[in-house]
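What follows is one structure encoded as structure tokens, with my remarks underneath.
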Amino acid sequence: MFTVTLQSSDRHFPVAPGESVLEAAQRAGIALPYSCRAGVCGSCKASLLSGHCVYPRNPPVALSGTAPSQHAILLCQAVPTEDLLIEAREVTSVEDIIRRQLDVVVTRKWKLAPDVVGLQLQPAAGKARLQWLPGQYLDVLLDDGRRRPFSIANHPQADGAIELHVRHVAGGGFTSWVNDGLQLGDALRIEGPLGTFVPREDSERPMIFMAGGTGFAPVKAIVEHFIALGTRRPMHVYWGARSAADLYLREMAEAWSRQAHDLRFQAVLSDPEQAAGSGLRMGLVHEAVLEDQPDLSGLDVYMSGPPAMIDAGRKLFIDAGLSESRLYYDSFDYAPDVLAQILSGRAGIAGL
Ligand SMILES: Cc1cc2nc3c(=O)[nH]c(=O)nc-3n(C[C@H](O)[C@H](O)[C@H](O)COP(=O)(O)OP(=O)(O)OC[C@H]3O[C@@H](n4cnc5c(N)ncnc54)[C@H](O)[C@@H]3O)c2cc1C
Ligand code: FES
């Protein structure tokens, strides 16, 4: 049993043999940042100040390109081989919320976009509602023990309703079933809340939100939270997609500027043919952000969506002066079991 100490708070926790630093922290009720839980997104990156760890599960893909002198580790994969002292961002706001499993029933299913389905889930009869912070996600638990992560698109409701925006990925087992087979009244088992993509209220800085595709779901929840709070902080929301039909709640997002003190919304289309004549901005969404804000040093940035967009934001926004500690994101990666197979060479999937 080794001990991990967090330098900034001086909190420490034990790590059982074979356990990752992230798992041990969660067991101790300490919230450290994470998203994919598979070593590819980098949101759990921390600095190792002393000690040694190994990566017996997935290789630490998200550390590639990081200079060894930075002594970076990935908390979701790192297994200590001695006591560790680390510098990591703690997300204390999520620590009080209990993560649990819950049976839910599908109470609404509707088409949002050609390949996106909206789902409303409600706790099964007699079950207490789930608690979460805006921006967090849940895992849908499949019968064979696998899990499929989806962001919660709303903030907690009195009736316990949970809204999901599910994109149908070609060849995807669960999302194909959601698209074609799932019926009203069907039961699902979920676990949540998960993740640390949540509003940071310890800041007065203006905020940029960048969503790609269904990455809009958690961004919607967080922006609605800040609007409900009556924040005076300027907010600039960018939503990128291939075509206008994929911007499935554009009118609602455009209406935010009338409800908030200082909010601007930009839709950005990546397909030139779709953009032509649409009246919408053309290009990649992260490029639009940088065109408008070449200096990001005074801002907080929240981003959520496909891994390629997240990778571009992680690199280019830091190059544009954004502090790494002010960049918050969820990368809509493959589920952890799929990533583990890909990284171990057991599945050949284009794009990784
Ligand atoms: C933290 C987090 C939050 C997420 N939130 C959302 C959300 O709110 N809405 C949403 O639509 N998605 C979200 N995702 C992505 C979603 O979890 C995956 O698309 C889903 O797990 C696919 O499950 P499946 O069983 O259909 O596909 P699988 O059967 O697991 O995969 C089959 C094939 O589909 C392809 N595939 C699988 N996942 C992806 C992917 N993400 N992108 C591209 N191709 C893929 C691969 O080719 C794979 O071989 C999130 C992911 C993470 C990590
Ligand atoms: S790399 Fe660890 S959570 Fe994504």
Side-chain angles (χ1 to χ4, degrees), residues 20-23 25-26 32-46 55 57-64 66 72-78 88-89 91 112-113 115-119 135-142 144 146-154 162-182 192-198 211-221 241 246 248 303-311 314 329-343 346-352:
S20 73
V21 177
L22 180 68
E23 288 161 349
Q26 289 178 335
L32 301 176
Y34 70 95
S35 174
C36 73
R37 296 168 291 172
V40 300
C41 80
S43 64
C44 67
K45 198 163 101 178
Y55 293 95
R57 302 180 194 175
N58 297 349
V61 175
L63 291 185
S64 62
T66 307
I73 60 168
L74 291 183
L75 302 174
C76 72
Q77 299 300 314
R89 294 188 269 169
V91 195
L112 281 166
D115 63 349
V116 181
V117 160
L119 290 183
Q136 288 192 286
Y137 69 93
L138 54 76
D139 275 345
V140 177
L141 307 181
L142 308 186
D144 56 7
R146 290 176 302 144
R147 297 159 167 262
R148 292 293 176 261
F150 292 94
S151 300
I152 305 174
N154 57 338
I162 297 168
E163 179 181 321
L164 305 181
H165 300 165
V166 179
R167 183 176 71 90
H168 178 204
V169 296
F174 178 72
T175 58
S176 298
W177 175 71
V178 167
N179 197 58
D180 306 329
L182 182 72
L194 296 160
T196 50
F197 185 58
V198 295
T214 47
F216 183 70
V219 162
K220 167 182 176 290
D246 299 326
Y248 49 83
M303 58 183 188
S304 172
M309 182 199 84
I310 299 293
D311 285 349
R314 277 173 62 202
Y329 58 90
D330 257 353
S331 179
F332 281 13
D333 278 288
Y334 305 86
D337 67 278
V338 180
L339 279 169
Q341 281 192 39
I342 295 168
L343 294 170
R346 278 177 279 140
I349 289 171
L352 271 168

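Every number for a ligand or one of its atoms is a count from 1 in the order of the listing. On a predicted model such as this, the values are computed, not experimentally measured, just so you know.
Checked by atom type and distance alone, the side chain of Gln77 never pairs as donor or acceptor with a backbone atom of Pro60 at under 3.5 Å. Proximity of a side-chain donor or acceptor of Ser304 to a complementary backbone N or O of Val219 within less than 3.5 Å is not detected. Using a distance-only test at 3.5 Å, with no hydrogens or angles considered, no donor-acceptor pair links the side chain of Tyr137 to the main chain of Ile152.
At a 4.0 Å heavy-atom cut-off, ligand 1 touches Ala170 through the backbone alone. Contacts between Val166 and ligand 1 below 4.0 angstrom, taking non-hydrogen atoms only, involve the backbone exclusively. Residue contacts with ligand 2, taken as heavy atom pairs separated by less than 4.0 Å, involve Val40 solely via the backbone atoms N, CA, C and O. When heavy-atom distances to ligand 1 are checked against a 4.0 Å cut-off, Tyr137 comes that close only through its side chain, counted from C-beta outward.
Considering backbone and side-chain N/O of Ser176, none are found under 3.5 Å from N/O of ligand 1. The shortest N or O to N or O distance between Pro149 and ligand 1 is below 3.5 Å. Considering backbone and side-chain atoms alike, Gly171 places every N or O at 3.5 Å or more from each N or O of ligand 1. Not a single N or O atom of Ser35, backbone or side chain, sits closer than 3.5 Å to an N or O atom of ligand 1. For Gly173, a nitrogen or oxygen atom sits less than 3.5 Å from a nitrogen or oxygen atom of ligand 1, counting backbone and side chain alike. Annotation: Arg167 places an N or O atom under 3.5 Å from an N or O atom of ligand 1; distance criterion only. The N/O atoms of Asp330, backbone and side chain alike, include none that comes under 3.5 Å of an N/O atom in ligand 1.
Scanning both residues, Ala38 and Pro336, for their nearest heavy atoms gives CB-CA, 4.4 Å. Residue Phe174 comes nearest to Leu142 through the heavy atom pair CD1-CD2, 3.6 Å, listed as atom of the first residue, atom of the second, then distance.
Among Ser43, Gly305, Ser151, the residue whose heavy atom sits closest to atom 8 (O) of ligand 1 is Ser151.
In this structure Arg167 satisfies the salt bridge (charged side-chain N to carboxylate O under 4.0 Å, His left out) test with no other residue, sequence neighbours excluded.
Atom CZ of Phe332 is separated from atom CD1 of Ile310 by 8.5 Å, given to the nearest 0.5 angstrom. We find the OH-SG distance between Tyr329 and Cys36 to be 8.5 Å, quoted to the nearest 0.5 Å. Note that CG of Leu194 is 10.5 Å distant from OG of Ser35, once rounded to the nearest 0.5 Å. Atom CZ in Arg314 sits 7.0 Å away from atom SG in Cys41 (nearest 0.5 Å). If you take OG on Ser151 and CZ on Phe197, they are separated by 8.0 Å, rounding to the nearest 0.5 Å.
Counting only heavy atoms from C-beta outward, the side chains of Leu63 and Tyr55 approach each other to under 4.5 Å.
In this structure, the protein non-hydrogen atom closest to atom 1 (S) of ligand 2 is Gly42 N, 3.2 Å.
Close contacts between ligand 2 and Cys44 involve ligand atoms 1 (S), 2 (Fe), 3 (S) [criterion: under 4.0 Å to a heavy atom]. In summary, the atoms of ligand 2 found under 4.0 Å from a heavy atom of Cys36, numbered by their order in the structure, are 1 (S), 3 (S), 4 (Fe). Heavy-atom contacts of Arg37 reach the following atoms of ligand 2: 3 (S), 4 (Fe) (cutoff under 4.0 Å). Set against the non-hydrogen atoms of Ser331, the atoms of ligand 1 under 4.0 Å away are 52 (C), 53 (C). Within ligand 1, the atoms closer than 4.0 Å to a non-hydrogen atom of Val338 are 30 (O), numbered from 1 in the order shown. Within the listing of ligand 1, atoms 15 (C), 41 (N), 51 (C), 53 (C) sit less than 4.0 angstrom from a heavy atom of Asp333. Interface atoms of ligand 2 facing Gly39, defined by a heavy-atom separation under 4.0 Å, are 1 (S).
Taking backbone and side chain together, Cys76 holds no N, O or S atom under 2.8 Å from atom 4 (Fe) of ligand 2. Under 2.8 Å from atom 4 (Fe) of ligand 2 lies an N/O/S atom of Cys41, whether from backbone or side chain.
Asp337 pairs with exactly one of Arg148, Arg147, Arg57 by the salt bridge (Lys or Arg N to Asp or Glu O under 4.0 Å) rule, that one being Arg148.
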